[in-house]
Amino acid sequence: MEIEEAREVRTTCPYCGVGCGVLAKVAADGQVSVRGDPDHPANFGRLCSKGSALAETIDLDGRLLHPEIHDRRAGWDEALDLVASTFSQTIAEHGPDAIAFYVSGQLLTEDYYVANKLMKGFVGSANIDTNSRLCMASSVAGHRRAFGSDTVPGTYDDLEFADLIVLVGSNLAWCHPVLYQRIAAAREKRPEMKVVLVDPRRTMTADIADMHLAIAPDGDVALFTGLLAYLGQHNALDRAYITTHTTGFGQALFAASALDLVGVAAATGLSEDELGRFYSLFAATSKTVTVYSQGVNQSSSGTDKVNAIINCHLATGRIGKPGAGPFSVTGQPNAMGGREVGGMANMLAAHMEIENPDHRDRVQRFWNAPAVAGKPGLKAVEMFKAVADGHIKALWIMATNPVDSMPDADAVEAAIKACPFVVVSDVLARTDTVRHAHVRLPAAAWGEKDGTVTNSERRVSRQRAFLRVPGDALPDWRIVAEVGKRMGFGEAFSYASPAEVFAEHAALSGFENDGARDFDIGAYAGVDGEGYEALEPFQWPEGGAQAGGWPEGVGTTGLQARFFANGNFFTPDRKARFIAIRPTTEIRTSPDYPLILNTGRIRDHWHTMTRTGKSPRLSQHIAEPFVEIHPADAQRFGIGDADIARVSSPRGDVLVRALVTARQRQGSLFAPMHWTDQFSAKGRLDTLTAPLTDPISGQPALKHVAVRIEKFAAKAFGFAVARQRPEPNTAPYWAVAKCKGGWRVELAFADDDIDWAGFAGSLFGTSLGAEISAYHDRDAGQHRIAAFDDDQLSGALFVAPSPVAVSRGWAAEQLSADHVDRRSRLAIVAGRPGGIDVDRGAIVCSCFGVGANQIAEAVRRGCGSVAAIGAALNAGTNCGSCRAEIRVIIDAQSLQAAE
Ligand SMILES: Nc1nc2c(c(=O)[nH]1)N[C@H]1C(S)=C(S)[C@@H](COP(=O)(O)OP(=O)(O)OC[C@H]3O[C@@H](n4cnc5c(=O)[nH]c(N)nc54)[C@H](O)[C@@H]3O)O[C@H]1N2
Ligand SMILES: Nc1nc2c(c(=O)[nH]1)N[C@H]1C(S)=C(S)[C@@H](COP(=O)(O)OP(=O)(O)OC[C@H]3O[C@@H](n4cnc5c(=O)[nH]c(N)nc54)[C@H](O)[C@@H]3O)O[C@H]1N2
Ligand code: SF4
Ligand SMILES: [Mo]
C-alpha cells in the first residue's frame with residue numbers, strides 16, 4: 001500500500017506580533033505537527049513554547065460549531081437575517097451611532113478590512129474600535145504626533161545590528177520570545193552589545209540585561225525627559241539632523257529640563273548613579289534601539305512616554321538607520337494589519353485620517369460608499385460606557401473577550417448584559433463574553449482559514465488553512481460580508497475569496513498615493529487567487545517600490561527598507577515633530593488602597609486562555625492565578641508564601657495565590673491577566689482595574705491601579721486531579737488547569753468542616769459503583785480520597801490545613817497510569833510518589849517537561865551552565881523560552897553552594 005505523503009503547509013503563528021513562520025503538517029492519520037519555518041525571515045525556524053504547542057490547541061473541544069439565537073441552534077440564514085435586520089432597524093430608528101463593532105487584533109487583515117468598510121463606509125459611523133485600543137493606541141498616537149503617520153520605522157535586523165538595546169516596559173523573554181532569542185544570540189556573538197531593561201519588576205528578561213533599572217511605576221516620562229536634558233547638557237545631540245529634519249526641539253528641551261538629576265531620581269525611584277550610568281551609555285552609543293511595549297503604552301501618560309522616547313532618538317538622529325530607532329513591538333499577531341485597515345475608531349482605512357475631508361472623499365470614491373463616517377467614533381472604554389448608558393443599542397463583538405480583558409470588567413459585563421442586542425463571533429461556545437450573546441456566530445479558527453497578518457516589522461505573511469472547517473463555522477470576513485449584503489450593500493460585499501479582499505485593500509493603499517502616505521502595498525492590487533496562494537512574506541513599503549519608486553520618506557539602507565532613513569516624514573513640512581513634555585507624577589494610592597497593582601502576562605498563556613488553556617504542556621508552567629509581592633510587603637500585610645490572598649480595589653476583588661519574591665518592587669504587586677471564570681473561582685483580574693485612560697490615545701492605564709491585599713483565612717487547602725473537567729463551584733477558591741490525561745485543581749476553603757468524600761464525589765463526577773481508597777486523619781486535618789473506575793484513576797483529592805505538599809506532576813501522571821494492584825492504589829492516598837519517581841517540581845521546560853527540582857539536582861551534580869543543563873536533560877534545547885529561568889535556578893544553586 002502506498003503511504004500518503006503528509007502535507008506541510010506554510011502558515012504564520014496566531015499568537016504574538018513577532019509573526020513567526022510555521023510549517024504545519026497533517027499526517028495521513030490526521031495527526032497535526034508544527035515546526036518553525038526555517039525560511040521565514042521573522043524566526044528562521046525558531047518557535048517559542050506557545051508556537052511549539054500549537055498542535056495541542058486545535059481540537060474541537062468546546063468549539064462553537066453552529067449559529068445560535070437565544071441559546072438555541074439556528075441556521076446561518078436565520079442568524080444572519082436577524083443580525084442584519086436588527087442593525088438596519090436600529091440605525092433607522094436611532095441613527096448609525098446607535099450600533100457598534102468591537103473587534104480585535106487577532107482578526108486577519110481581510111476580516112478586519114471588511115468589518116471596517118461596513119461600519120465606516122456603509123453604516124456611516126466610526127463606532128468600530130478594537131482591543132488594540134488596550135494594546136497599541138498610545139504608540140499609534142505617539143507615532144502620529146511625531147512622524148505625521150503611524151509608522152514603525154525599523155526592522156528586526158536592527159535588534160541584531162544595535163550596540164545598545166533599551167527595553168522599556170517589555171518582558172521580551174516571555175512575550176516576544178523569538179525576538180528575545182534573536183537578541184540573546186546576537187549578544188553571544190558580539191559581547192560588546194549592551195542591553196538595559198527598564199521595568200519595575202525584575203522579569204526573566206533581566207537575564208540578558210547588563211543593567212536593570214527597577215523604575216517606579218510610570219516613572220518613564222521623567223526618565224526619558226531627563227535623558228533628553230542630559231543629551232543637551234553633554235553635547236550628545238545631532239544638531240545637523242535636528243535642524244534639517246525636525247521642528248520643536250527648543251520647546252521640547254526646555255520642557256524636559258523641568259527636573260534636574262535629583263528631581264529625576266525622585267520621580268523614577270532610581271539613584272543618581274544608576275541614571276548617570278544609563279544616560280552616559282545612551283549618549284555614547286549611536287547604534288541604539290529602544291524597544292517598548294505595554295509598560296509604556298498601557299498608562300495614563302502612555303502617549304507622552306512614547307514621544308519622550310522618540311524625542312531622544314530624533315535628538316540624536318538615531319532613526320531609520322541600521323541598528324538605530326525607536327521600536328514599538330506589537331502584541332497581537334495582526335495589530336499592525338488592524339492599523340493598516342484603519343480598524344480603530346479614530347482612523348480611516350489605509351493609514352488615512354478620518355478628520356481629513358480629502359481623505360474621507362478619497363475613501364468614499366474608492367469604496368463607492370453612500371456615506372463615510374464624518375468624525376471619529378467611540379474608543380473602547382467610551383464605547384462600553386455608551387453601551388451602559390443605552391446610547392449603543394446593538395453591539396457586535398468579534399474575536400475578543402471584553403468581559404475579561406477590559407478595565408472595570410464587571411461594569412463592562414453589566415453593560416453587555418443590559419444591551420438590547422449583542423452578537424458575538426467566536427470560535428468557542430463558552431467564554432465569559434460569549435455567555436451573554438443573543439446571537440452567537442461560529443468563526444473558523446487558526447488552521448482553518450486563509451488570510452494575511454502583518455507583524456511588528458511591517459512584514460505581511462499568509463496564514464493558510466490546513467484543516468477542514470468544522471461544523472457550520474465560517475471565516476470572519478465571510479460572516480461580515482454576508483451581513484453587509486443583507487443590510488442592502490450587496491455590490492460592495494460580494495467577495496468570493498479572501499484574495500479578492502486583499503487585492504482591494506492593496507489597491508486602496510496605493511490609490512492616489514504617489515508617495516504621500518507611508519502605507520502602500522499597491523503593487524499587490526492585481527493579485528489573483530494563485531498569486532495569493534503563493535504569496536511570500538514581504539515587508540512594506542516593498543510593494544510600493546514595485547509600483548513605482550519608494551514613497552518619500554523611505555530609504556533603502558542595507559538589504560531592507562527602513563522608514564525615515566533620509567529624514568522625510570509624513571507631516572505637511574516633511575519634518576518630524578519634537579513634542580514638549582513635562583514630567584508629572586501622580587499618586588493613586590491612599591491609606592485604604594496602599595499598594596500599586598501592575599498587571600501583565602506569563603510565558604505559557606495567551607490572554608484569556610481560550611487556546612493555551614487547552615494544552616497540558618502550556619498549562620503546567622503556571623497552573624493558577626497568582627500575585628507577586630515583595631517580602632517586606634508580605635510581612636507588613638501578613639501574607640505567607642502560597643497563602644491565598646484577596647486583592648481588592650474600589651471596583652472588585654480577586655482571590656489568587658501569593659508568591660513572595662524580591663523580584664517584585666516594594667509597594668507594588670504584579671498579577672497576570674489570564675484567569676477567567678472558566679478557569680478560576682475569582683481570578684478575573686480586570687474586575688480590579690479602572691477605566692482611566694491616556695487623554696490622547698484613550699488607552700487604559702492597566703499597569704497602575706491602587707489596591708490592598710489581605711490574607712484569605714483558609715482553614716483547608718486542597719489539590720485534586722480528575723479525569724473529567726471538575727466543577728468545584730462550592731469552594732471559595734479554585735483554579736483548574738489541563739494536564740495530561742485530565743485536569744488538575746487547586747482549592748482552598750474557609751471552613752474545614754466539610755464532607756470530603758461527598759465533595760470528592762461531586763468533583764470527580766464518580767458513579768456510586770466507583771471503588772474508593774481513602775485516608776483520613778481528622779485531628780491533623782489530612783484527607784486523601786481516590787476513586788477508581790476499572791483500573792484507572794478517575795480522581796484523587798488531597799486536603800491539608802496548609803498548602804498541600806504533594807507532587808503535582810506525579811499526581812497528574814497517575815491519571816494515565818494503570819492501577820491494577822492494590823499497592824499502587826494505596827500509594828495514591830499515601831500522597832507521595834512511593835519512591836517510584838522524583839518530584840520534578842514546577843515545570844520549567846515545557847517542551848521536554850523538565851521541572852525545577854530536576855534542574856537544581858543537575859546543577860548540584862555539576863552542570864554549571866544552560867548549555868550543560870541542555871546536554872544533561874534536554875531542557876532549553878527546543879524553543880529556548882525557558883533558558884532565562886534555567887539560568888536563575890543555576891544562579892540560585894550556586895549562591896546556596898557559596899553560603
Ligand atoms: N506569553 C504571552 N506572550 C504574549 C501575550 C500573552 O498573552 N502571553 N500577549 C501578546 C500581547 S497582545 C501583547 S500586547 C504583548 C505584551 O508584551 P509586554 O508588554 O512585554 O507584556 P506585559 O507583561 O503586559 O508588560 C510588560 C512589562 O511592563 C512592566 N511595567 C509595568 N508598569 C511599568 C511602568 O510604569 N514602566 C515600565 N517601564 N514598565 C512597566 C511590567 O512589569 C511588565 O513586565 O505580549 C504579546 N505576547
Ligand atoms: N489587566 C490587564 N488587562 C489587559 C491587558 C493587560 O496587560 N492587563 N492587556 C490588554 C491587551 S494588550 C490585549 S491585546 C487584550 C487581549 O484580550 P482579548 O482580546 O479579550 O483576549 P483573547 O483571549 O485573545 O480573546 C480572543 C477571543 O477571540 C476568540 N477567537 C480566536 N480566534 C478567533 C477567530 O479567528 N475568529 C473569531 N471570531 N474569534 C476568535 C477566542 O476564542 C477568544 O474568545 O487584553 C487587554 N487587557
Ligand atoms: S514568538 Fe512564539 S508566540 Fe510569538 S509568533 Fe513566534 S512562536 Fe508565535
Ligand atoms: Mo496586546
Side-chain angles (χ1 to χ4, degrees), residues 12-22 34 36 40 42-43 46-54 62-64 102-108 111 130-137 172 175-182 293-295 297-298 330-333 335 380 397-407 409 424-434 441-449 451 453 455-456 463 473-476 479 597-601 603 605-613 671-674 676 684-689 699-703 705 879 881:
T12 311
C13 177
Y15 294 122
C16 84
V18 177
C20 295
V22 170
V34 298
H40 196 286
N43 57 319
R46 296 178 182 92
L47 289 181
C48 75
S49 50
K50 292 181 299 302
S52 306
L54 271 167
R63 277 292 292 274
L64 178 65
Y102 183 60
V103 304
S104 165
Q106 290 167 75
L107 289 174
L108 305 184
D111 306 325
T130 138
N131 63 358
S132 283
R133 182 69 56 195
L134 318 175
C135 186
M136 306 311 313
L172 225 60
C175 295
H176 297 89
V178 165
L179 290 186
Y180 172 84
Q181 289 169 33
R182 285 181 67 166
S293 50
Q294 299 317 338
N297 295 335
Q298 286 173 341
T330 49
Q332 298 181 90
I397 298 166
M398 297 173 214
T400 176
N401 200 352
V403 168
D404 296 319
S405 57
M406 280 287 294
V424 177
S425 304
D426 207 287
V427 303
L428 289 192
R430 204 174 85 171
T431 72
D432 293 351
T433 301
V434 170
L441 302 177
W446 181 77
E448 301 160 3
K449 60 196 278 191
V453 289
N455 73 3
S456 294
Q463 274 198 13
L474 288 176
D476 290 285
I479 302 175
L597 175 69
N598 168 12
T599 69
R601 292 159 171 79
R603 190 190 76 193
H605 274 308
W606 176 262
H607 299 161
T608 66
M609 286 171 32
T610 55
R611 288 177 288 174
T612 48
M673 62 168 291
H674 307 292
T676 67
R684 275 172 58 222
L685 197 72
D686 274 311
T687 57
L688 303 181
T689 53
Q699 179 157 356
L702 294 167
K703 301 244 181 296
V705 185
C879 82
S881 302

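In listed order, ligands and their atoms are each counted from 1.
The option from His605, Gln298, Arg133, Gln463 that lies nearest to atom 6 (C) of ligand 2, judged by heavy atoms, is Gln298. Nearest to atom 12 (S) of ligand 2 by heavy-atom distance, out of Arg601, Lys703, Met673, is Arg601. Comparing Ala399, Ser405, Ala444, Ala701 by heavy-atom distance to atom 47 (N) of ligand 2, the nearest is Ser405. Here the shortest heavy-atom distance to atom 43 (C) of ligand 2, taken over Asp426, Val434, Asp404, Ile397, belongs to Asp426.
Every heavy atom of Met406 sits 4.0 Å or more from the atoms of ligand 2.
Shown are the protein N/O/S atoms under 2.8 Å from atom 6 (Fe) of ligand 3, given by residue and atom: Cys20 SG.
Taking every heavy atom of both residues into account, Leu172 and Tyr180 meet most closely at O-CB, 3.6 Å. When every heavy atom of Ala429 is checked against every heavy atom of Val434, the shortest pair comes out as O-CG1, 3.1 Å.
Distances below 4.0 Å separate heavy atoms of Ser425 from the following atoms of ligand 2: 37 (C), 38 (N), 39 (N). Heavy-atom contacts of Gln106 reach the following atoms of ligand 2: 19 (O), 22 (P), 24 (O), 26 (C) (cutoff under 4.0 Å). For ligand 2, the atoms closer than 4.0 angstrom to any heavy atom of Asp686 are 1 (N), 2 (C), 3 (N), 4 (C), 47 (N). Atoms of ligand 2 lying under 4.0 Å from at least one heavy atom of Trp606, given by number and element, are 24 (O). Listed by number with element, the atoms of ligand 2 under 4.0 angstrom from any heavy atom of Asp476 are 34 (C), 35 (O), 36 (N), 37 (C), 38 (N). Interface atoms of ligand 2 facing Ala443, defined by a heavy-atom separation under 4.0 Å, are 36 (N), 37 (C), 38 (N). Numbered from 1 in the order shown, with element, the atoms of ligand 2 that lie under 4.0 Å from a heavy atom of Thr608 read 21 (O), 22 (P), 23 (O).
Considering only heavy atoms from C-beta on, Glu448 stays 4.5 Å or farther from Val427 through its side chain.
At distances below 3.5 Å, at least one donor-acceptor pair connects side-chain atoms of Gln294 with backbone N or O atoms of Cys135. Checked by atom type and distance alone, the side chain of Trp446 pairs as donor or acceptor with a backbone atom of Thr12 at under 3.5 Å. Side-chain atoms of His674 come within 3.5 Å of backbone atoms of His607 as a donor-acceptor pair (strictly under, hydrogens ignored). Using a distance-only test at 3.5 Å, with no hydrogens or angles considered, no donor-acceptor pair links the side chain of Asn297 to the main chain of Met136. Of the possible polar contacts, none joining the Thr599 side chain to the Met673 backbone as a donor-acceptor pair under 3.5 Å is found. Within the 3.5 Å criterion, the main-chain N or O of Gly105 finds a donor-acceptor partner in the side chain of Asn131. Ser456 contributes a side-chain N or O that, together with a main-chain N or O of Thr330, makes up a donor-acceptor pair within less than 3.5 Å. In this structure a side-chain-to-backbone donor-acceptor pair under 3.5 Å is missing from Arg46 to Pro177. Listed for the Arg133 side chain is no donor-acceptor partner under 3.5 Å among the backbone atoms of Pro700. With hydrogens and angles ignored, the 3.5 Å screen pairs no side-chain donor or acceptor of Ser132 with any backbone N or O of Ala335.
Looking at residues two or more places apart in sequence or on another chain, you find a side-chain hydrogen bond (donor to acceptor under 3.5 Å, both in side chains) between Lys703 and Gln298.
An N or O contact shorter than 3.5 Å links Asn401 to ligand 2 by distance. At least one N or O atom of Thr400 sits closer than 3.5 Å to an N or O atom of ligand 2. Considering backbone and side-chain atoms together, Asn131 places an N or O closer than 3.5 Å to an N or O of ligand 2. Looking at Gln332 next to ligand 2, no N or O pair under 3.5 Å apart turns up.
Note that SG of Cys13 and CG of Asn43 are 8.5 Å apart. Values are rounded to the nearest 0.5 Å.
What sits closest to atom 21 (O) of ligand 2 on the protein, heavy atoms only, is His607 CB, 3.3 Å. Nearest protein neighbour of atom 4 (C) of ligand 2, counting heavy atoms only, is Leu702 CD1, 3.5 Å.
Contacts between Cys135 and ligand 2, counted as non-hydrogen atom pairs separated by less than 4.0 Å, involve both the backbone and the side chain.
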